[in-house]
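Naming convention: chains lettered A, B, ... in sequence-line order (proteins, then strands); numbering from 1 in each chain.
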Protein chains: 2
Amino acid sequence: MDTDEIEKFSRMFKALSNPGRLRILLELASCIPKEGFSGTQQEQENSQQNFAQCLGLAQSTVSHHFKELRQAGLLYMRRDGQKTIISVNFEALESIQKLLK
Amino acid sequence: MDTDEIEKFSRMFKALSNPGRLRILLELASCIPKEGFSGTQQEQENSQQNFAQCLGLAQSTVSHHFKELRQAGLLYMRRDGQKTIISVNFEALESIQKLLK
DNA sequence: TTCATACTTCGACATATTTCGATATATAAA
DNA sequence: TTTATATATCGAAATATGTCGAAGTATGAA
C-alpha cells in the first residue's frame with residue numbers, strides 16, 4: 001500500500017475521529033437513501049441547525065464538521081436553492097471495511 | 001447508539017488517523033496470525049526499531065504510537081522476556097466494519 | 001427591495017497531537 | 001556485575017484541531 005493510499009485512509013479516519021462528526025455521518029448514512037436524497041421530512045432533520053441542536057454545538061462548528069467530512073471524501077454536498085443536498089459516499093465506507101478485513 | 005459507544009469508536013478512528021499508526025496496524029494485522037504470535041522471523045520485523053526505521057520516526061515516537069493503538073483497544077501487548085508479544089484485536093476491527101455497513 | 005433562511009468564512013483562543021532527544025526501566029547475556 | 005537490547009517515560013517545541021461569535025454570501029419569499 002503506497003503513501004497516497006495510506007494518507008487517504010488516515011484522512012478518512014481523522015474525519016471520523018471526532019464524536020460530533022461520527023454522529024453526523026452515521027445519522028446521514030442511516031437515513032439517506034443511497035441513490036440520492038430529495039425527501040421532505042428528512043430535509044429538516046438534516047439541517048445544520050438541527051445537528052447543531054442535537055449535538056450541543058454552534059452552527060458554525062457543524063458547518064466546519066461537514067466541510068471536514070466532505071474534504072475527507074466521506075460525503076458529497078450540493079446546493080439546490082435554499083437546500084443543501086447531502087449524499088454519503090458509501091463507496092468510501094466500503095473501502096474502509098475492505099481495508100480492515 | 002449511545003455516547004459511550006460513539007466515543008469508543010471515535011477513539012479507535014483517532015488511533016487510525018495518523019499515517020504512521022495506520023501503517024503499523026495494517027502491517028501487524030497482515031503478518032500476525034490471529035491466534036497469537038510467537039514466531040521467529042516476524043519477531044525482528046515487528047520490533048519498534050524496525051518500524052521506526054521503516055517509517056522514518058524515532059523509537060520513542062513509535063513507542064508512543066503503540067501505546068495509542070493499545071489504549072484505543074486495537075491491539076494487545078505483553079512482555080515475554082526481551083520480546084513484546086503483540087496481537088491485533090480483530091474483534092475491534094470487525095466492530096468498525098459493522099459500524100460502517 | 002427588504003427580510004428570512006441556510007450555510008460559509010474569519011479571527012481568535014484553548015486544548016490536543018506529533019515528534020524529538022534524553023533518560024529510565026526491564027530483561028537476558030557475557 | 002557489567003553490558004546489550006528492547007521498550008517506556010519525560011519535558012519541550014511546533015503544529016493541528018475544536019470551538020465559538022460575528023460577519024459574509026446566496027437563495028427565495030414578502
Side-chain angles (χ1 to χ4, degrees), chain A residues 3 6-7 10-25 28 37-72 74-87, chain B residues 3 6-7 10-25 28 37-72 74-87:
Chain A
T3 305
I6 288 282
E7 294 195 340
S10 49
R11 255 178 275 123
M12 291 197 281
F13 286 129
K14 182 176 292 177
L16 298 172
S17 75
N18 175 280
R21 279 197 299 265
L22 180 55
R23 250 184 223 287
I24 288 170
L25 188 82
L28 292 171
F37 166 67
S38 60
T40 53
Q41 178 163 11
Q42 287 162 327
E43 279 164 14
Q44 187 170 351
E45 288 171 2
N46 288 326
S47 75
Q48 287 191 7
Q49 268 303 347
N50 189 59
F51 276 113
Q53 192 147 34
C54 289
L55 299 171
L57 296 170
Q59 180 268 324
S60 61
T61 303
V62 171
S63 176
H64 169 70
H65 286 332
F66 268 91
K67 188 178 178 182
E68 296 277 310
L69 288 166
R70 185 171 53 74
Q71 288 181 333
L74 292 170
L75 52 81
Y76 304 111
M77 301 170 71
R78 73 180 166 80
R79 185 132 205 182
D80 181 23
Q82 282 168 314
K83 292 163 200 140
T84 298
I85 312 299
I86 297 167
S87 51
Chain B
T3 306
I6 288 281
E7 294 194 342
S10 49
R11 255 179 274 123
M12 292 197 282
F13 286 128
K14 183 175 291 177
L16 298 173
S17 75
N18 176 281
R21 279 198 299 268
L22 181 55
R23 251 184 223 287
I24 289 170
L25 187 82
L28 292 170
F37 166 67
S38 61
T40 54
Q41 178 163 10
Q42 286 162 329
E43 279 163 15
Q44 187 169 351
E45 289 172 1
N46 288 325
S47 74
Q48 288 191 7
Q49 269 304 345
N50 189 59
F51 277 113
Q53 193 145 34
C54 290
L55 300 172
L57 296 170
Q59 178 269 322
S60 60
T61 304
V62 171
S63 176
H64 168 71
H65 285 333
F66 268 90
K67 189 179 178 182
E68 296 275 310
L69 289 166
R70 185 172 52 73
Q71 288 181 332
L74 291 170
L75 51 80
Y76 305 111
M77 303 171 71
R78 74 183 165 79
R79 185 133 207 177
D80 181 24
Q82 283 169 314
K83 292 163 201 141
T84 299
I85 312 299
I86 297 167
S87 50

Check for a donor-acceptor pair, side chain of Arg23(B) on one end and backbone N or O of Leu25(B) on the other, with a separation under 3.5 Å. no

Checking dG18(D), dT9(D), dA16(C) against the side chain of Ser63(B) (C-beta onward), the nearest is dT9(D)

Separation of dT18(C) atom C1' from Arg23(B) atom CZ, nearest Å, is 17 Å

Ranking dT8(C), dA26(C), dA6(C) by distance to the side chain of Arg79(A), first place goes to dA6(C)

Item to complete: Using a cut-off of strictly less than 4.0 Å, decide whether Lys14(A) has a side-chain nitrogen or oxygen near OP1 or OP2 of dT17(D).
Response: yes

Query raised in the report: According to a strict under-4.0 Å criterion, is Arg21(A) in side-chain N/O contact with OP1 or OP2 of dT17(D)?
Result: no

Among dC20(C), dA26(C), dA16(D), the one nearest any side-chain atom of Leu57(B) is dC20(C)

Check: What does His65(B) touch in the nucleic acid at a heavy-atom separation under 4.0 angstrom: a base, only the sugar-phosphate, or nothing?
Finding: sugar-phosphate

Looking only at dT18(C), dA16(D), dC7(C), the nucleotide nearest the Glu68(B) side chain is dT18(C)

Atom NZ of Lys83(A) and atom P of dA26(D) are separated, to the nearest Å, by 20 Å

Heavy-atom count check: over 12 atoms from other residues, nucleotides or ligands less than 6.0 Å from Gln71(B) CD? yes

**Prompt:** Does Lys67(A) place a side-chain N or O at less than 4.0 Å from the phosphate oxygens OP1/OP2 of dC7(C)?
**Reply:** no

| said: What's Arg70(A) touching, base or sugar-phosphate or nothing? Going by heavy atoms closer than 4.0 Å. | reply: nothing

Quiz item: Short question: side chain of Ser10(B), backbone of Ile6(B) - any donor-acceptor pair under 3.5 Å?
Solution: yes

Between the CG atom in Asn18(B) and the CG atom in Leu22(B), the distance rounded to the nearest 0.5 Å is 8.5 Å

Phosphate OP1/OP2 of dT18(C) contacted by Thr61(B) side-chain N/O (<4.0 Å)
no

Whole-Å distance, Ile86(A) CD1 to dA6(C) C1', equals 11 Å

From CD1 of Ile24(A) across to C1' of dG18(D) the rounded distance in Å is 13 Å

Residue pair Gly81(A)/Ala58(A) against DNA chain D: nearer the 5' end by closest nucleotide is Ala58(A)

Rounding to 0.5 Å, atoms OH (Tyr76(B)) and CZ (Arg70(B)) come to a distance of 12.0 Å

Asp80(B) CG to dT27(C) C1', in whole Å, measures 11 Å

Atom OH of Tyr76(B) and atom P of dT7(D) are separated, to the nearest Å, by 20 Å

Exercise for review: May I ask you to verify whether the side chain of Ser60(B) and the base of dG21(C) hold a donor-acceptor pair under 3.5 Å?
Suggested key: yes

Between CG of Leu69(A) and P of dT8(C) the distance, given in whole Å, is 12 Å

When you measure from the side-chain N and O atoms of Gln59(B) to the phosphate of dC20(C), is any distance below 4.0 Å, counting only OP1 and OP2?
no

On DNA chain D, more 5' by nearest nucleotide between Ser17(A) and His64(B) is His64(B)

When rounded to whole Å, the CE to C1' distance for the pair Met77(A) and dT8(C) reads 10 Å

Shortest non-hydrogen pair, Arg21(A) vs Ala15(A), comes out as NE-O, 2.7 Å

ask   = Donor-acceptor pair under 3.5 Å: do we get one between Gln82(B)'s side chain and the base of dA29(C)?
value = no

The nucleotide from dA6(C), dG18(D), dT7(D) with an atom nearest the side chain of Ser47(B) is dT7(D)

Please state whether the phosphate of dT17(D), meaning OP1 or OP2, lies under 4.0 angstrom from any side-chain nitrogen or oxygen of Asn18(A). no

